[in-house]
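Shown next, in structure tokens, is the structure this report addresses.
Quick note on labels: first sequence line is chain A, next is B, and so on, each numbered from 1. Just so you know, these numbers come straight off a predicted model, no measurement behind them.
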2 protein chains.
Amino acid sequence: MPVTIRDVARAAGVSITTVSRAFNGYDDVGPDTRKRILKVAKELNYRPSHVARSLVLQQTQNVGLLISDFNANRGAHHFLFDVMAGVHDRLASLGYDVTLVSTTTARQRLVSYIDFCTERRLEGVIVMGMRLDDPYMQEVAEAKLPSVGIDLPILSRYCGYVMTDNVNGAKLGMQHLLSKGHRRIGFVNGHQKAAVSVDRMRGYQLALETAGIDSDPDLIVHSNFLVEGGEAATELLLSRAPDITAIFYASDLMALGGMRYLHRVGKRIPEDVAVVGYDNVDVAEWSTPALTTVSQRRFEMGVYAADMLIGMLQRDEEPGGRLLPSELVVRQST
Amino acid sequence: MPVTIRDVARAAGVSITTVSRAFNGYDDVGPDTRKRILKVAKELNYRPSHVARSLVLQQTQNVGLLISDFNANRGAHHFLFDVMAGVHDRLASLGYDVTLVSTTTARQRLVSYIDFCTERRLEGVIVMGMRLDDPYMQEVAEAKLPSVGIDLPILSRYCGYVMTDNVNGAKLGMQHLLSKGHRRIGFVNGHQKAAVSVDRMRGYQLALETAGIDSDPDLIVHSNFLVEGGEAATELLLSRAPDITAIFYASDLMALGGMRYLHRVGKRIPEDVAVVGYDNVDVAEWSTPALTTVSQRRFEMGVYAADMLIGMLQRDEEPGGRLLPSELVVRQST
DNA sequence: TTGACAATCCAAAACGTTTTCGGTAGTTTA
DNA sequence: TAAACTACCGAAAACGTTTTGGATTGTCAA
């Protein structure tokens, strides 16, 4: 049904070899024949088949964008969307196609992640939203498929990663609170199986340490990065340590949930309790009071991840771990 | 480099024909040979090439997910992400691959949307985030490529769409305000080139009409669906008609911006001005006061769009226009 | 006049599958 | 015992490209 290179060749009165060469800009085709071929091709509405070309060239120009359990991670769109945009933007501008892959789907179809990718001859993968205990973590690390994790510190011959400098980010947030005179600071972290959580925990501890304050386990609670989780965590935190004057949250959404709870129990922000979030998502700016937070450059994370992958693919570069700087954004909640 | 069907055939001592049949579950291959082939294939780590198969079968099992200017539309993630999840979820579970496509990228690469799709032999496309005056609108409508628009009323032999019943949705929001006794109701609509805007405008007018209220052009202003736009629009609205007691926004984000402005100028919500949004995004629930809004079932929109496309692809069904019901979610802003 | 050398072009193989059309045994039926 | 049938398997063509290794001109220098 679709018009092939053979149709063009026939219509232009040349061989398919010549059509191919005309299209790919080789110089051993006469200027008039070239013009004729191009004209005929346009008339016939010829589009070279990407799949035939992939087959003979043995490369698809196609990379996967793997989002762990896309469906269940919908609440994370505040973070994920921009990263996706960054990844796609860079990859597309370099001529790569991006196919969406989700692990759950793969699981449903009883195909492992690596099977999925090699079957479609994906040349590389960018992985996001994954937990450290996810079974696919190991698959990614062991596969010989070039891949780069976002917020996933996997490092091997074929795996690199990009993430924000979370320990410094957490330190920034904490130092800000410490500089405001707070001494009893609660910490609502993300779930323990998120790579960022362990780093942010370290930043929290480090900041306390250098301020000469002993860490109190009662002041630390783990949650799920989402609003409801932050709400519940804050309630728990306040029941355990009613004397805290500030809370540091590992995500803006949890901070929002926390502020909602604080508001409900009549605490004023920042007078009674100061609040710092993490991510600097758009919502942080809209809340009342506007949320002080540690920013992550999400779009850039995607771009850099794409760049690292391209480096591996096109220039055979060794992957590495790239840490983006964090920045403190001070607003009214502190 | 990758192991092919020929390698498996050689290792198993059979022809490639037999390997192919064994893999595709044909019944004319002996039970013992089949077992042997499968064992050998597993040992060699054989994965059939999706691209070779696509070439011979003349179908790719691949559909495009076209997001108009992905990059610039990042602010719309509150709406888009869930739809994407719905689309991907359904499509993936039916064995289709999903390729991300963005028109800007295409434009950069000087390849038209339709070229992009036919080159990759995409079997269909789901289109979202597009404006009515977008040049690609016509391309989509004229192309013989099965496609379904989300919030885009394009209808042809190959084009269907799914959108929320926006005129009824707007009517619901307005009727709610009218039932609370409001008579001077401002309307902050989205930009005029969005399909949903014209429907919501109609719903607004209809509601006024049946309530016997004349529509006042001073009470209507167009904006861009985003927070800052809503803020500016509200300022304009109040300057033109200081006597309004309620505002209906065509998106939750604009409503949020509006509430921010109202708060700043000392108006109480809902006592001085009642506010209704549109979309029921997660943020609507978190704001203070929580936002009354008209809900859209975003995930389902994606699922239904996928279903419609599959219907065309697999059962040659005629596309149509599917309208999802809207629902009013009453919270504290009214 | 002839050999070399551009300038153009083409036939055929290759990429990794699926599928059509047979072919060869062995087994049953008449 | 021959014919028909079953069960299993393979050779080869096809899908739409790219690329290798010439082939055919014509031109120019010797």
*Kindly say if A/R53 contacts the phosphate of D/dT18, meaning a side-chain N or O under 4.0 Å from OP1 or OP2.*
yes
*asked:* Nearest whole Å is fine: how far is C/dG16 C1' from B/F23 CZ?
replied: 13 Å
*How long is the line joining CG of A/N24 and C1' of D/dT20, in whole Å?*
15 Å
*Nucleic acid contacts of residues 31-43 of chain A, taken as heavy-atom distances under 4.0 Å to DNA chain C*: A/P31, A/T33
_Of residues 12-19 of chain A, the positions that come close to DNA chain C - non-hydrogen atoms, cut-off under 4.0 Å_ = A/G13, A/V14, A/S15, A/T17, A/T18
*Can you give one letter per nucleotide of nucleotides 22-27 of chain C, going 5' to 3': B for a protein heavy atom under 4.0 Å from the base, S for sugar-phosphate only, - for none?*
------
*Kindly determine whether B/N62 and B/T99 satisfy side chain to side chain contact (heavy atoms under 4.5 Å, CB included), including the steps that lead there.*
CA-CA 7 Å; B/N62 196 338; B/T99 319; 2.6 Å; yes
*Is the charged tip of A/R120 near the ring of A/F116: under 6.0 Å from the six-membered ring centre and within 45° of its axis?*
yes
_Cation-pi, B/F81 ring and A/R74 (6.0 angstrom, 45 degrees)_ = no
*asked:* Looking at B/R131 and B/D134, is there a salt bridge between them, counting it only when a charged N and a carboxylate O are closer than 4.0 Å?
replied: no
*Is any side-chain N of the basic residue among A/K35 and A/D32 closer than 4.0 Å to the acidic one's carboxylate O?*
no
*Compute the angle between the rotation axes at the two ends of the helix from C/dA4-D/dT27 to C/dA30-D/dT1, each taken over five pairs, rounded to 10 degrees.*
70°
_Residue B/Y46, side-chain atoms from C-beta onward, closest of D/dT19, C/dT17, D/dG16_ = C/dT17
*B/S20 side chain: which of D/dT17, C/dC15, C/dT18 is closest?*
C/dT18
*For atom CD of B/Q59, is the number of surrounding heavy atoms from other residues, nucleotides or ligands below 6.0 Å larger than 12?*
yes
What side-chain donor-acceptor pairs closer than 3.5 Å can you find for residues 143-151 of chain B, not counting sequence neighbours?
residue	atom	partner	partner atom	Å
B/S147	OG	B/L145	O	3.0

*Where do A/Y136 and A/V127 land on the side chain to side chain contact (heavy atoms under 4.5 Å, CB included) test, with the steps shown first?*
CA-CA 10 Å; A/Y136 290 96; A/V127 185; over 6 Å; no
Residues 44-54 of chain B side chain polar contacts: donor-acceptor under 3.5 Å, at least two apart:
residue	atom	partner	partner atom	Å
B/N45	OD1	B/R47	NH2	3.2
B/R47	NE	A/D115	OD1	2.7
B/R47	NH2	A/D115	OD1	3.1
B/S49	OG	B/V51	N	3.3
B/S49	OG	B/A52	N	3.1
B/R53	NH2	B/N24	OD1	3.1
B/S54	OG	B/H50	O	2.8

